Participant: 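One structure coming up, written as structure tokens, with questions to follow.
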Amino acid sequence: MDTTRAILHVDMDAFFASVEQGDDPSLIGKPVIVGGLGRRGVVATCSYEARRFGVRSAMPTAQARQLCPDAVYLTPRMSRYAEVSAQVFAVFGEITPEVEGLSLDEAFLDVSGSRKLFGTPREMALRVKQRILEVTGLRCSVGISHNKWLAKLATELGKPDGCFEIDHGNRERLLDPLPVGRLWTVGKVGQAKLEGAGYRTVGDLRRAELDTLARVIGNQAAHLQALARGEDLRPVVARREERSISAETTFDIDLQALPEVRAWLLKLCERVTERVRRAGLKGRVVTIKLRTPPFHTETRQCTLGIESDATDIIHASAVRLLETWWREQSRPRLRLLGVSASGFDADTAPGDLFAAAADGRKDRVTDTLNQRFGSGTVRRARSLDT
Ligand code: TTP
Ligand code: MG
């Protein structure tokens with residue numbers, strides 16, 4: 001069995017402009033520019049026909065008009081793009097549940113577990129392209145590799161209408177000539193530092209002595225070198241797992257007294273559960289986040305017996321987590337405290353108003369008052385008055 005991961009990165013070609021061309025076939029083959037058409041408008045995107053004139057995303061529309069006066073200019077129809085996006089994501093779901101959406105037109109798919117059903121990663125990539133074309137009439141580019149970084153790069157290198165794979169055989173040849181700024185963790189400042197020290201390309205970074213590189217860029221050096229070698233361990237995080245509602249606060253002065261920390265915890269739980277209820281959700285997992293000085297962060301997590309949106313239930317679990325942690329510390333001090341609820345069941349319907357338990361009603365009354373008169377109008381007596 002092949003145990004390496006198989007990751008696809010999919011990105012629609014000229015998304016907004018292609019949707020417009022699909023909906024109005026008279027636009028096919030023409031330069032189409034979608035964006036703000038007012039005096040200060042910018043280009044959202046344009047068809048590849050317009051790109052030949054040098055038009056690009058984020059360019060002022062006025063400049064696009066100079067470069068390509070004969071193009072068709074359209075304002076975005078976001079709800080239509082969202083509709084097509086949903087069709088595209090439904091196709092992803094046919095291949096794997098492990099889909100991490102990045103925007104309306106872009107996602108990572110971990111297809112490692114789909115090989116038995118659908119064949120090699122390349123076969124799956126071709127299937128995605130074919131199905132998207134059938135369902136939406138649109139073209140996309142798919143990058144194939146064993147991690148996210150290389151899969152996304154493969155998409156870019158294959159665009160448009162691409163199906164490009166980066167593997168151990170071609171990755172050095174493809175990575176080495178890229179400018180260091182292409183590594184996603186290197187910002188403008190990092191790029192200037194690296195270039196100042198003579199590291200211009202990803203190949204330069206790969207071949208560098210780690211110690212020498214660390215003197216230039218500090219503790220990022222090992223991480224950068226891993227990227228330069230084409231390594232990336234980040235998992236594909238499907239939305240259902242990623243979704244969480246959280247609140248946290250950093251203290252001006254580190255807290256050392258448990259009652260004070262408890263009061264903050266209640267306040268944060270109130271904030272989180274109010275948002276959970278407003279979203280019509282119920283969570284099963286409660287997590288607290290604790291940062292001690294100078295910068296050590298820990299999380300503690302528990303799973304509830306039954307999913308809940310009730311402040312008291314979420315809070316009770318959070319307090320237990322906090323108190324256990326507190327007892328384990330020799331000199332507990334907190335710089336930051338956070339709470340999150342997650343483990344939402346997508347099918348959880350908003351609760352039946354009339355079947356609400358007494359406590360549920362109390363929460364709802366609190367929420368209504370807070371929504372009407374501002375957050376913090378009604379709060380439990382134990383939570384801090386700040
Ligand atoms: P992209 O995938 O970056 O661009 P694209 O799909 O138009 O073209 P391609 O991927 O083939 O290079 O963005 C997806 C959509 O997001 C794009 O169609 C319009 C929108 N968008 C903006 O509104 N503003 C921007 O600055 C960018 C980059 C995109
Ligand atoms: Mg795109």
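This chain uses plain numbering: 1 for the first residue, then up along the sequence. Model, not experiment: these values are computed from the prediction. As the structure lists them, so they are numbered: ligands from 1, and atoms in each ligand from 1.
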Participant: Looking only at protein heavy atoms, which one is nearest to atom 1 (P) of ligand 1, and what is the separation?
Facilitator: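 Nearest neighbour among protein heavy atoms for atom 1 (P) of ligand 1, to 0.1 Å: D105 OD2, 4.1 Å.
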Participant: State whether R77 and E20 are salt-bridged, where the test is any N-O pair (Lys NZ or Arg NE/NH1/NH2 against Asp/Glu carboxylate O) under 4.0 Å.
Facilitator: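 Yes.
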Participant: Hydrophobic clusters here meaning ILVMFWY residues chained together by side-chain heavy-atom distances under 4.5 Å, can you tell me if L210 and I217 are in one?
Facilitator: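 No, no single cluster joins them.
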Participant: Measuring from non-hydrogen atoms of P160 to any atom of ligand 1, is the shortest distance under 4.0 Å?
Facilitator: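 No, that is not the case, since the closest heavy atom of the residue is not under 4.0 Å from the ligand.
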Participant: Quick one: does any side-chain atom of T96 pair with a main-chain N or O of D110 as donor and acceptor, under 3.5 Å?
Facilitator: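 Between the backbone of D110 and the side chain of T96 there is a qualifying donor-acceptor contact (under 3.5 Å).
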Participant: Which residue and atom name correspond to the protein heavy atom nearest atom 26 (O) of ligand 1, and how close is it?
Facilitator: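 Of the protein heavy atoms, S57 CB, 3.9 Å lies nearest.
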Participant: For atom 22 (C) of ligand 1, what's the nearest protein heavy atom and its distance?
Facilitator: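 Answer, as residue, atom name and distance: A44 O, 3.5 Å.
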Participant: Does the N or O separation between M12 and ligand 1 drop below 3.5 Å for any pair?
Facilitator: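 Looking only at distances, the answer is yes, because the N/O contact criterion of under 3.5 Å is met.
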Participant: Please state which option from E20, M59, K159 has its nearest heavy atom closest to atom 9 (P) of ligand 1.
Facilitator: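 The nearest heavy atom belongs to K159.
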Participant: For T45, take its heavy atoms, then give the atoms of ligand 1 lying under 4.0 Å from any of them.
Facilitator: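 Atoms satisfying the 4.0 Å criterion: 5 (P), 7 (O), 17 (C), 18 (O), 19 (C).
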Participant: Under a 4.0 angstrom heavy-atom cut-off, which atoms of ligand 1 come close to D11?
Facilitator: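 Under 4.0 Å from D11, ligand 1 has these atoms: 2 (O), 6 (O), 10 (O).
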Participant: Charged N to carboxylate O below 4.0 Å: is that the case for R173 and D176?
Facilitator: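 Here R173 does not pair with D176 in a salt bridge, since their nearest N and O are not under 4.0 Å apart.
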Participant: Would you say CD of E209 has more than 12 non-hydrogen atoms from neighbouring residues, nucleotides or ligands within 6.0 angstrom?
Facilitator: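 Open.
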Participant: Give a yes or no on whether a salt bridge exists between E323 and R262, defined as a side-chain N under 4.0 angstrom from a carboxylate O.
Facilitator: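 Here E323 pairs with R262 in a salt bridge, since their nearest N and O are under 4.0 Å apart.
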Participant: When the ring planes of Y81 and F16 are compared, do they come out parallel, tilted or perpendicular, using 30° and 60° as the limits?
Facilitator: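 Geometry flag for F16 against Y81: parallel rings.
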Participant: Taking NZ, NE, NH1 and NH2 as the nitrogens, is one of them in R182 or E156 under 4.0 Å from a carboxylate oxygen of the other?
Facilitator: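 Salt bridge present between R182 and E156.
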Participant: Strictly below 4.0 Å, N to O, side chains only: are D254 and R335 in salt-bridge contact?
Facilitator: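 Salt bridge flag = yes for R335 with D254.
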Participant: What I want to find out is whether K289 reaches E298 closely enough, with some N-O distance under 4.0 Å, to be called a salt bridge.
Facilitator: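 No salt bridge links K289 with E298.
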Participant: Membership question, hydrophobic clusters at under 4.5 Å side-chain separation (ILVMFWY): are L258 and V339 in the same one?
Facilitator: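 They do share one cluster, since a chain of ILVMFWY contacts under 4.5 Å joins V339 to L258.
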Participant: Does even one non-hydrogen atom of R51 get within less than 4.0 Å of ligand 1?
Facilitator: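 True for this residue.
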Participant: Show the atoms of ligand 1 that are less than 4.0 angstrom away from any heavy atom in F15.
Facilitator: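 Numbered from 1, ligand 1 contributes 5 (P), 6 (O), 7 (O), 18 (O).
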Participant: So does E49 pair up with R51, basic N to acidic O under 4.0 Å?
Facilitator: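 Salt bridge flag = no for R51 with E49.
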Participant: Any idea which atoms of ligand 1 are less than 4.0 Å away from a heavy-atom of Y48?
Facilitator: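 With Y48 as reference, the close atoms of ligand 1 come out as 9 (P), 11 (O), 12 (O).
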Participant: May I ask you to list the protein N, O or S atoms found at less than 2.8 Å from the Mg ion (ligand 2)?
Facilitator: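 Counting only protein N, O or S atoms under 2.8 Å from the Mg ion (ligand 2), the list reads D11 OD1, M12 O, D105 OD2.
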Participant: May I ask whether atom 3 (O) of ligand 1 is less than 4.0 Å from at least one protein heavy atom?
Facilitator: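 Protein heavy atom within 4.0 Å of atom 3 (O) of ligand 1: absent.
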Participant: Are any of the N/O atoms on F16, whether in the backbone or the side chain, positioned under 3.5 angstrom from an N/O atom of ligand 1?
Facilitator: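 Yes, at least one N or O pair falls under 3.5 Å.
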